[in-house]
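Take a look at the structure set out below.
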Amino acid sequence: MSKKILTIDDSKMVRMIVTSTFQPFDCTIVGAADGAEGVTVALQEKPDLIFLDITMPVLNGIETLAKIRETPEIAAIPVVMLTAESDGERLGMADKLKVSGYIAKPFKGDQLIALTKKIIPLAPKPPADPKKP
Amino acid sequence: MNTFPEITPANVNAWLGKAVQDVTETMFEQAAYPEETLVEAAGAEETVVACIGVRGDFQLEVAMSFPLRLARQLASISLEIPVADVDEKMIADVAGECSNMVVGAVKSRISDMGIDCVMTVPRIVRGLGNAPELAQKIKASFAVIRGSAGPRNEAHSVHGELLFRYGSDLLRLASHL
């Protein structure tokens, strides 16, 4: 079954890297450029997994995570912190809000895939249907 | 003033330098290498500068300067699009994210010593590399980053500059500790 992943990051570069990393897999990537937009998109899309940055305008990653956890419709979605701030204090704050993992920036696509596979099943993208236009 | 013997200008510069190499190697296919001597461009070069700060009990300001050509190239690599399709927003985005990753690595190390500090969102300015107008824009950006904290006490702070070669371009990183 196709999976949906939400990447919340103010950097288009990071959102693009996440998108291209999961290109070979049967999943859809949706993006949001800040925490407030991320919560809205999460409510609309109900993703299977969220990659979340910490240093962002409007609503930072920790505030966004708190908002996700207090919103019943999306509270149970697994969240992976993808952040340049990988110190114990920040990660400890995220831990209290039940994150499923961390990836420190800079990162390689392989790290995203390896951690994602531990959280949700990933299947290869099915071959394109030749009958479809 | 901090009381941590590890936090010296030389160490902070070394951590910044390692972070620049890690970020370029991991995100942009090849690492930038330290350049010992500055070879000044013959003329003024269009430059993109990401200004970012760490505030709190540890204070650091970093201006990471990319020649426009290099910023375009890095955006093209990371966004997987032709150089000709790279626009202004993409250039600003890549410069800002690079500075975020580089300074984030140092900030994380400092926070792990138990020092309370936060990193700011990067501010991007652009202009001719050797023009006073660009220096003014950088100064203005750091004034915003400092906010109500006011100007740094120059008598108790240290400036540093690191240079890196990435292909045929030079990447500069000016720090104010």
Side-chain angles (χ1 to χ4, degrees), chain A residues 7-24 29 31-38 51-64 81-95 102-115, chain B residues 18-29 31-32 50 52-58 71 74-81 86-124:
Chain A
T7 167
I8 308 174
D9 202 302
D10 58 331
S11 167
K12 186 178 180 184
M13 173 181 117
V14 173
R15 299 197 306 273
M16 286 288 292
I17 291 170
V18 172
T19 302
S20 82
T21 296
F22 289 97
Q23 202 80 46
I29 309 295
D34 62 61
E37 187 189 342
F51 285 112
L52 179 59
D53 185 21
I54 288 185
T55 313
M56 288 188 293
V58 187
L59 207 60
N60 73 37
I62 301 294
E63 293 163 338
T64 304
M81 305 307 290
L82 179 57
T83 177
E85 290 185 70
S86 54
D87 54 271
E89 189 194 351
R90 287 285 192 162
L91 300 187
M93 287 160 87
D95 250 346
Y102 317 96
I103 293 175
K105 295 177 181 174
F107 63 96
K108 289 273 188 201
D110 294 351
Q111 292 172 266
L112 298 184
I113 293 168
L115 185 53
Chain B
K18 182 176 185 311
V20 168
Q21 290 181 277
D22 286 349
V23 169
T24 49
E25 183 171 21
T26 309
M27 307 305 290
F28 305 113
E29 298 172 352
I52 186 165
V54 178
R55 319 306 303 161
D57 294 340
F58 170 76
L74 298 180
S76 163
I77 293 167
S78 59
L79 300 172
E80 297 178 358
I81 58 171
V86 171
D87 65 24
E88 298 304 311
K89 276 178 93 171
M90 295 169 187
I91 288 169
D93 180 72
V94 169
E97 189 58 24
C98 275
S99 69
N100 179 53
M101 290 184 197
V102 167
V103 175
V106 175
K107 185 264 172 193
S108 297
R109 192 184 274 262
I110 300 290
S111 288
D112 279 339
M113 294 175 192
I115 298 172
D116 190 23
C117 55
V118 293
M119 192 164 66
T120 70
V121 173
R123 299 180 66 85
I124 309 298

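Here is the naming used below: chain letters follow the sequence lines, and residue numbers restart at 1 for every chain.
Near-neighbour residues of residues 51-59 of chain A relative to chain B, defined by a heavy atom under 4.5 Å from a heavy atom of that chain, comprise Thr55(A), Met56(A), Pro57(A).
No side-chain heavy atom of Ser111(B) sits under 4.5 Å from any side-chain heavy atom of Phe58(B). In this structure, the side chains of Asp34(A) and Asp10(A) stay at 4.5 Å or more apart for every pair of heavy atoms. Residues Asn100(B) and Glu85(A) form no side-chain contact, since every pair of their non-hydrogen atoms from C-beta on lies 4.5 Å or further apart.
Contact count versus chain B (heavy atoms, under 4.5 Å) is highest, among Arg15(A), Lys108(A), Met13(A), for Met13(A). The most heavy-atom pairs under 4.5 Å with chain B, out of Gly88(A), Pro106(A), Ser20(A), come from Pro106(A).
Salt bridge Asp22(B)/Lys18(B): present, at least one basic N to carboxylate O contact under 4.0 Å.
One N or O on the side chain of Asp93(B) and one on the backbone of Lys12(A) form a donor-acceptor pair closer than 3.5 Å. Of the possible polar contacts, one joining the Thr24(B) side chain to the Gln21(B) backbone as a donor-acceptor pair under 3.5 Å is found. Without hydrogens or angle criteria, Tyr102(A) side chain to Leu82(A) main chain gives no donor-acceptor distance under 3.5 Å. A donor-acceptor pair under 3.5 Å is formed between the side chain of Glu37(A) and the backbone N or O of Ala33(A).
At a 4.5 Å heavy-atom cutoff, Asn60(A) makes no contact with chain B through either its backbone or its side chain. In this structure, the portion of Met16(A) lying under 4.5 Å from any heavy atom of chain B is its side chain and not its backbone.
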